[in-house]
Structures are given as structure tokens and as C-alpha cells.
Protein chains: 2
Amino acid sequence: MIELSHLRIISALHENGTLTEAANALCLSQSALSHQIRYLEKKLELKLWQREGRGLRLTQAGNLLLQVAQQVLPMMDHAGSTLKAYAAGRQGILRIGVECYPCYEWLTGVIADFLLAMPEVDIDIAHQFQFSGLEGLLNHQFDVLVTPDIISNKTLVYAPLFDYELVLLASKEHLFAGLEMITPEMLATEVLLTFPVPAERLDIFTQFLFPASIAPAQHKQIQSIDIMMQMVVYNRGVCVLPDWLADNYCSKLPVSKVRLGRKGVHKTLFAGMHCYDAEIPYIKRFVRLGQGLD
Amino acid sequence: MIELSHLRIISALHENGTLTEAANALCLSQSALSHQIRYLEKKLELKLWQREGRGLRLTQAGNLLLQVAQQVLPMMDHAGSTLKAYAAGRQGILRIGVECYPCYEWLTGVIADFLLAMPEVDIDIAHQFQFSGLEGLLNHQFDVLVTPDIISNKTLVYAPLFDYELVLLASKEHLFAGLEMITPEMLATEVLLTFPVPAERLDIFTQFLFPASIAPAQHKQIQSIDIMMQMVVYNRGVCVLPDWLADNYCSKLPVSKVRLGRKGVHKTLFAGMHCYDAEIPYIKRFVRLGQGLD
DNA sequence: AATCATACATGAGGATAATTCATTAATTTC
DNA sequence: GAAATTAATGAATTATCCTCATGTATGATT
């Protein structure tokens, strides 16, 4: 019944004083406005304006409509410009899910770059999921899943972010310290510290120990990486971390890193996303930043 | 750009789940909605929703628009129903201007009836004007002017409300008490109490004393009618009031009323209004109530 | 797998509504 | 009283929206 065009006319008429000027402001003919207000008054069975000499004056009802116009039109304008910003990919919320500690640790570095590069896009990180990270992605709990595991799905695409190597960290006191590499067998007598995640989701098991059918002497699950590192320092066990994270600790604490097997265990971190999201500017940008480009 | 129809579609889609049902709810074909959406997405260069199997899911941008819809649509609905009430003459504000004390006193009685008769119309009374009451009416500071003076103007109409007689009030001790009438000459030795208004606007002068070229011995202006009455009671002067108001005091205080001249001074109270307002239901009703009808 | 049902997308054509143009009417200004 | 300004009106045009018929994709059923 009442349309935005009517509100625009009322508002323009109020600001410009005369129908003719209001018509100019709206890039329409005076006739068009005259027809429109006539139509509206007829529909509402209500005088909105009173002819006053050769001008128009709002009635009570017209004033009420003017007030509505002054509330609604700015809201619509604001929405319009916000959506324009969306279209340009400048504004939005990039919701990222991370599944593993290394992913999270790595993310914190990339996010800073991203926030700098895209000042109008906010970031939200989810690291605890109702179900799995994959399901979170499929349910649109977040837009991008950072994960080392590709589970193929025709609606999803994965972009490789970067490669890293998993290495063992042991105390400098430990007899592993200084070795070129260790074999799975050498872990059979060790205490292995990991995050509290099932062994099937830990690469040290799936990529290294399980293939050799070997289990560590003991498997202790630790929540915090800092406590885990303290335990490594005091020789209460060994742990496995991405090389770049291990390097970080090696320079600060008396711990050494050792390659897992002759060739080492190599991983790749991927950004998983819905295929229709892959072309959204800020998501593309995030992936490129994650790949070390830009 | 973004029209109410788009907001209605987004809102209906959110409430009904599928395009087809939303189309039913809006009494449109599914095709119409599909076209509208397509048009909007093309204009905004932005996906508002994503096909998900055989359903639709709102994107971030779509969600933003949904929020706007949920704010704006209720406002429009409310405005629409308020205007409908206006059209039925049920709702509004009747702004009344009064120029003289008797008018104001009389109004208070009528207003109670009006508020009872028209529960959805509010009343606002203005009794102090920037300029004259007439100008206030012409400037639309109020809708109806209650006045005893008709000043003709082609844009205004006047409806007679009721007739009254101006009478003199004097203390029961006063020698006027009990007289049939007084002549202008008899006031030449009296103290006349009036409201603080120029003599030209007081009927006792214009209708009674000026024609006889007589002035009272003294003219004292008093703000409050209660104090004025006290002064009359203690014989410090006489005053002139409408008969119905005088009767009111005669029954409570030791004062008497006396006719002014042989035939008395008769007045009529009028409701002045813009001619195009005269047909507004609640204004008509006010006039009829003022005339003692209904 | 093949079939059926459901839901959205699309193109063409027709109905509807909005806009303009040309003109008239009313009012103010000089 | 003439000129200028402003709104109203009617007819013709234009743009827009809607429906119908049909196509395409997906999911359920057998």
C-alpha cells in the first residue's frame, strides 16, 4: 500500500518546499509526483496535503507519514550502502574454523596480516565444534576450515596453504638430542605427550607409529602446550609439533628437534570452503595471505 | 533500489522456508518471487541466497537484509494502520485555541464530553498565543479557535456554539444588588475589575461603556478569577462575566448578578476553523458537542 | 537405476502501473 | 492586468511486474 516511493516523495517535498523542486531532486517530473500523491491519498481515503495558495502543507496524517519516512529512509539507505560494501567484498565477517593446535597457532600469525589488509572485514575463529570441523563447515557455522585433512565432497574445495614437517621435540638432556632422525622403534620406550585427541586423529600415530605397528611406552594427554613444553624440558616425555613451532621453542628452551624417520613426516595445511564461497573477494584474499602471497 | 517488495519477499521466505510457500503467503506466483530476487541480486551484484539442494539459504548479505526487513516492515504496517484509523476519523489530535477566559471556562466542560465520545482523539488546548488567536488559527498552531469574535476570511468558517449574556456581578452589600438592570452611567463611579486585556478587547467597554462614552471611576486588571471574586465579595469593585459562570458564583458566594442595560449584552461563542477542516469527523463532532447536540 | 515428486529458474507475452508530455487552472508578483 | 510560478489533469507512452508454460536440479521411492 504505502511504498518507499511515497515516503521518498513526502521527504523530498518536505526538504524542497515545492512539488516542482522535489520532482527535480528525485529526477522525476512534477506530474509524476502529483499523480503519485493523488493515488496515495485516494488509496488511504485521506488528505495528506492541503493546498495552501500555490503551495502544499502537510496535514496531521501527512506529518505522521513524514516521520515514518524520516525513520525508514535512512535505514534503507544505510542497508543499501552496507550491501554495496559487501558487493565490493569490503565488509563482512570471515568465520574461520580450526581443527588442530598447529592450525590455530599458525592462524594467529595470518590473521594479523589479514586484518591489516582488509580493514572492513572482521574475523571470527571457532575452535570448538559441536561435531567435527567438516560438519561445522557444511552447516555454515563458519566459512573456511583450516585443516590438514582433506575429506573430499563435491560442494567443497580445498586450497593448499603451506607445507610443514612434523618433528619430535625432546629435552637437550634426552639421548635423542642431536640425532639426525629417529625410527618408530625408538619411541617404543618413550613417554609421548599429545593434545587430548584420539590417536586416530594424531599424525604421529597415523603416519609414523601405526604403519610400524608400534606404540609408545606411555601416551599422556596434556591440555596446554606450555605445560607440555615444561614436561619436555624436564625430560618427562617427548612431543611432536610442526617444525616452525618447534623452532620457536628451541630458541627459548633447552629442547632439541629431531626428524621423524629418514624422510620426515610432511604435512600440508588446507583451507576448506564451499565452492560458491571460493570467489568471494575477502575469502580469496585470506587464502592468498595464508599461502604467503600478497 | 531496494524496495519494500524485496523486504517482504525475504521476510516471507524466512518465515515460510520455501519460495513456493512464501509466494502463496504473499499471494504471488513462485515465478514472481524468483524474478524479483534475481533482479535484486543483479542490481546489487551480490548473492543474497545460495541454492542448497532444493532449498535456499541466506548469505551474510541476505541475513543483513532480513534484519532490515524485520525492522522496517513492522514500522510500515504500524504506519498503515494508524493512517487507516485517521481515515476513519478515529485518531488524531484536536488542537483548540481559546481567546478569552469565558471560552476557556466553557471549554473545560465540553472537553470531558468530547474525550468520552471520541476515545481515540486527543485534545490539546492553547491559550497563550504568539500573536492573536486568529493568526494562530491561520498558521495552523491549532485546528479550532473558540472565540466570541468573528473576523471573516474566505478560508475560514465559523460555527456558532452557544449564546450567553454578559452580566455584572456585585457584592450583596452593593447598592446594585437586587436591581433589574444598570445603565452605563451607573458604572462611572464604580471600580471595574477585568482580566489583563486591553479595553478594546473587552465587551463591557466595546458594547456598553464606549457607546455611551463613559469610563468607570477606576479600571483594575486582575489575573485570577478567584481573586477577582474575592474582591467583588468584599465590595472592592464589580466585574462582568457570562451569565452561566456568574450563576455558578452566585450560588456559592454573597454576590448578585445584574443585567447590563435594558436588553442586556448578548454574545455568541463561535468555533472558527479552516473550511477544509470543517468536514473532519472529530472536528464536526466537537462542534456538535459544543452546540449541545449529540 | 529409473521414476516420481518437489522446488527453483527462465523466457515470452500480457496486464498493470508509472512516467512524461502537453495543457489547464490557480495564485502570486510586479 | 500581464507575466511568472506552481499544481492538477488527461492521454499516450514506457517501464515494470506478473503469470503461464516449461526447463533444470535435487531428493525420495521403488
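Note on naming: letters A, B, ... go to the chains in the order of the sequence lines (proteins, then strands), and numbering restarts at 1 for each one. Bear in mind that the values here come from a model prediction, so they are computed numbers and not experimental data.
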Look at all strands and tell whether [X] reaches a base, only sugar-phosphate, or nothing, counting heavy atoms closer than 4.0 Å.
| X | result |
| --- | --- |
| B:Ser31 | base |
| B:Leu28 | sugar-phosphate |
| A:Thr18 | sugar-phosphate |

Hey, are the side chains of A:Gln60 and B:Ile93 touching, using non-hydrogen atoms and a 4.5 Å cut-off?
-> yes
Would you call B:Val68 and B:Ile10 a side-chain contact if the rule is heavy atoms closer than 4.5 Å?
-> no
Does a nitrogen or oxygen in the side chain of A:Gln36 sit under 4.0 Å from OP1 or OP2 of C:dT19?
-> yes
Think B:Ser34 has a side-chain N or O under 4.0 angstrom from the OP1 or OP2 of C:dA9?
-> yes
Shortest side-chain distance from B:Gln30, nucleotide among C:dG11, C:dA9, D:dA8 | C:dA9
Rounded interatomic separation in angstrom, taking [atom1] from [X] and [atom2] from [N]:
| X | N | atom1 | atom2 | result |
| --- | --- | --- | --- | --- |
| B:Leu40 | C:dA9 | CG | P | 13 Å |
| A:Arg38 | C:dT20 | CZ | C1' | 16 Å |
| A:Gln50 | D:dA8 | CD | P | 11 Å |
| B:Lys42 | C:dT10 | NZ | P | 11 Å |
| B:Arg57 | C:dC8 | CZ | P | 15 Å |
| A:Tyr39 | C:dT19 | OH | C1' | 15 Å |

Any chance you could lay out the ring-ring contact (aromatic ring centres under 6.0 Å, His included) test for A:Tyr164 and A:Trp106, step after step, and finish with the verdict?
-> CA-CA 11 Å; A:Tyr164 61 94; A:Trp106 171 83; 9.3 Å; no
DNA chain D: A:Thr20 or B:Ser5, which has the more 5' nearest nucleotide?
-> A:Thr20
Candidate pair B:Leu156 and B:Leu145, rule side chain to side chain contact (heavy atoms under 4.5 Å, CB included), full reasoning = CA-CA 10 Å; B:Leu156 301 180; B:Leu145 175 66; over 6 Å; no
